[in-house]
Enquirer: 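Before I ask anything, here is the structure I am working with.
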Amino acid sequence: MASAIDTAKAERPGAPVEDARPRRRLIRFGGSRLGGFILVLNLLSLLILFGGALALNEWRTGLIEARQESLLSQAELLAEVLSDQKYTVGEPYPTFNEEQASQVLLDKYVPRGQRARIHDVDGFPVADSYVVSENIGGQPLPPARPAGSPVSSDRLTPRQLQQIEAARGELGDEIALALEGTPQAGVRVSESGERVVSVSFPIRHVQQVLGVLTIEAADVDEILDDQRRALMPFALVALAVNLIASLLLHLFVARPVMRLSAAADQVTAQRARAISLPDLEDRKDEIGDLARSLESMTDTLSTRMDAIERFAADVSHEIKNPLTSIRSALETLDLVKEQSQRDRLTALLQADVKRLDRLITDISNASRLDAELSRDRPRSIDLATLLADIVGVYETTSRQDQARVVLAPPSDGLLRVMGQDGPLGQVFRNLIDNARSFSPPEGEVRVSIRRDDRNLLVRVEDDGPGIPPENLETVFERFYTSRPKGTAFGANSGLGLSIVRQIVEAHGGSVVATNRSGPDGKIAGAAFEVTLPAVGGRRS
């Protein structure tokens, strides 16, 4: 059973379970700490991944642009060299000297990894750095095949032929545009299927275009592959963060909710009175709030069930008394012969029936009180007007043998509370009825209302014998009655003041009983003071 039940009962009966320790104000997202935690973790993993992808894309774009600028500078320099008369023949329409022009494309002028080609004014190839290179390219030989294996054909497939034709077409378009006198730069696919950064620069002799120098670099894909490999740590970190987030969600959200569900099922199965998960109640997030709310709810239900059981026991005891008296009188009635004694027994039966009827009526009202308090929404009520209406009813229906009810004019202008006028009216009617029942016929019941800084105080005084000092608190217990001598027995059920306290506490207030002192210092009557939270400020 939850330990908070005993704590709550020790501090204040009926009060909700509260954590006495001060709570730190936490920064929350949309009112939810766990929601912000989940959002931050997921966003963090996505930002890591997106950041790496954006960095790679930006770096790729910058790499291609830088490569194009470098190749353009290199092509411009080589084009200036090739435009010299040393590399041309013929007048007045010079053409390239293929042997001399090829010398410019040697390895010492064209870096490794690049390919330079010269095309004449008609677009025909004149020189190729791959042809004049001193580096012997090649790849390792494949492993030897077993004897008798079929010889593979080195013929190109139709798809490869189509790819080569497409690459040559792109190169021809680039050269054609450069022959018009404008340098070209772009990214295209080479005959071998590689993506290359290519620039084509026109070679001029004075103003005449002799041809085009094309330089292409195929190392961009290799560099991008390196960058993709460099991106792998970002992806792994993002994956790790997601896995950690999932694990944390499982540990801190899914499992606690499952534990709360299992505990709730256990309460249902074992018919327990409360649910208790102390390790969850100490948490400062929504799971802790949920655990505390569930424990508070079951604690409240347990308290309510205990109250119902006590109420049922008290009702059974109180009803049994008049029933026992009625049965005894009925059994004796046939044995009594004198009419005076029979009349006395009949009067006793009538008194017990009236007592039983009043008792059942008050029990019914008390049992419906919780439902009435939870049915209507509280609203602002002018307490002075409510008291004036109630006292007015007593003034018009009062008899000669009853004490007068007088309302003192309030001095404050704004006397409003938040509540329900029906239950609050019952509070003041019960107090006035209780005061009149103890006051002599020539006495007076005085009702007054005043206000302090934050509360409204309603005081009901009578001219009766007062309350024994040891009973100033017990008068609010159920079925408690303490009548002076000479008072009719059974005229009260003992539930009126208990109902008063229940309604007042439901409205966030309190009620106390005291005795008034007369000029001689003796008890001159009882006084009940109801304190309710006020609405609004004072009026000047």
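Computed from heavy atoms alone, side chains included, the values below leave out hydrogens, waters and symmetry copies.
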Enquirer: Please report the closest heavy-atom contact between Ile203 and Ala79, naming both atoms and the distance.
Expert: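 Looking at all heavy atoms of both residues, the shortest contact is CG2-O, 3.9 Å.
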Enquirer: Could you give me the CA-CA distance, side-chain angles and deciding distance for Ile215 and Val110, then say whether side chain to side chain contact (heavy atoms under 4.5 Å, CB included) is met?
Expert: CA-CA 9 Å; Ile215 301 179; Val110 179; 5.6 Å; no
Enquirer: A quick test of your reading: do over 12 heavy atoms of other residues, nucleotides or ligands sit less than 6.0 Å from CZ of Arg255?
Expert: no
Enquirer: What are the two closest heavy atoms between Phe252 and Ile287, and how far apart are they?
Expert: O-CG1, 3.6 Å
Enquirer: Set out, in order, the CA-CA distance, both residues' side-chain angles and the distance that settles side chain to side chain contact (heavy atoms under 4.5 Å, CB included) for Gln114 and Leu71, then state yes or no.
Expert: CA-CA 9 Å; Gln114 296 181 10; Leu71 293 179; 3.7 Å; yes
Enquirer: Exactly one of Asp128, Leu213, Val212 should register a side chain to side chain contact (heavy atoms under 4.5 Å, CB included) with Ile118. Which one does?
Expert: Leu213
Enquirer: Does Arg168 reach the main-chain N or O of Glu191 with its side chain, forming a donor-acceptor pair under 3.5 Å?
Expert: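 Between the backbone of Glu191 and the side chain of Arg168 there is no qualifying donor-acceptor contact (under 3.5 Å).
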Enquirer: For the atom pair CG (Asp421) and CG (Asp382), what is the distance rounded to the nearest 0.5 Å?
Expert: 11.5 Å
Enquirer: What pair of heavy atoms forms the shortest contact from Val500 to Val427, and how long is it?
Expert: CG2-O, 3.7 Å
Enquirer: How about Gln162: does its CD atom have over 12 heavy atoms from other parts shown lying under 6.0 Å from it?
Expert: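 Count not over threshold, so no.
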Enquirer: Would you check if Leu424 and Leu532 make a side-chain contact, meaning some heavy-atom pair closer than 4.5 Å?
Expert: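 Side chain of Leu424 against side chain of Leu532, heavy atoms only: contact under 4.5 Å found.
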Enquirer: With a 4.5 Å cut-off on side-chain heavy atoms, are Phe201 and Leu82 touching?
Expert: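 Side-chain contact under 4.5 Å: no.
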Enquirer: Can a donor-acceptor pair be found, under 3.5 Å and without considering hydrogens, that links the side chain of Arg115 to the backbone of Ala218?
Expert: no
Enquirer: Has the side chain of His507 got a donor or acceptor atom that lies under 3.5 Å from a matching backbone atom of Gln420?
Expert: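 At least one qualifying donor-acceptor pair exists.
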Enquirer: What residue among Glu194, Glu216, Glu170 forms salt bridge (Lys or Arg N to Asp or Glu O under 4.0 Å) with Arg188?
Expert: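 With Arg188 as partner, salt bridge (Lys or Arg N to Asp or Glu O under 4.0 Å) holds for just one option, Glu216.
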Enquirer: How long is the straight-line distance from OG1 of Thr214 back to CZ of Arg117, given to the nearest 0.5 Å?
Expert: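 One gets 7.0 Å once the value is rounded to the nearest 0.5 Å.
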Enquirer: Measure the shortest side-chain to side-chain distance between Asp173 and Leu177 over non-hydrogen atoms and say whether it is less than 4.5 angstrom.
Expert: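 With C-beta onward as the side chain, the pair stays apart.
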Enquirer: Nearest 0.5 angstrom please: Phe428 CZ to Ile503 CD1, how far?
Expert: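 Nearest 0.5 Å value for the CZ-CD1 distance: 10.0 Å.
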Enquirer: Check the pair Glu174, Ser198 against side-chain hydrogen bond (donor to acceptor under 3.5 Å, both in side chains), reporting the backbone distance first and the verdict last.
Expert: CA-CA 9 Å; Glu174 181 179 323; Ser198 174; 2.8 Å; yes
Enquirer: Please answer whether the main-chain N or O of Arg292 pairs with a side-chain N or O of Ser296 as donor and acceptor at a distance below 3.5 Å.
Expert: no
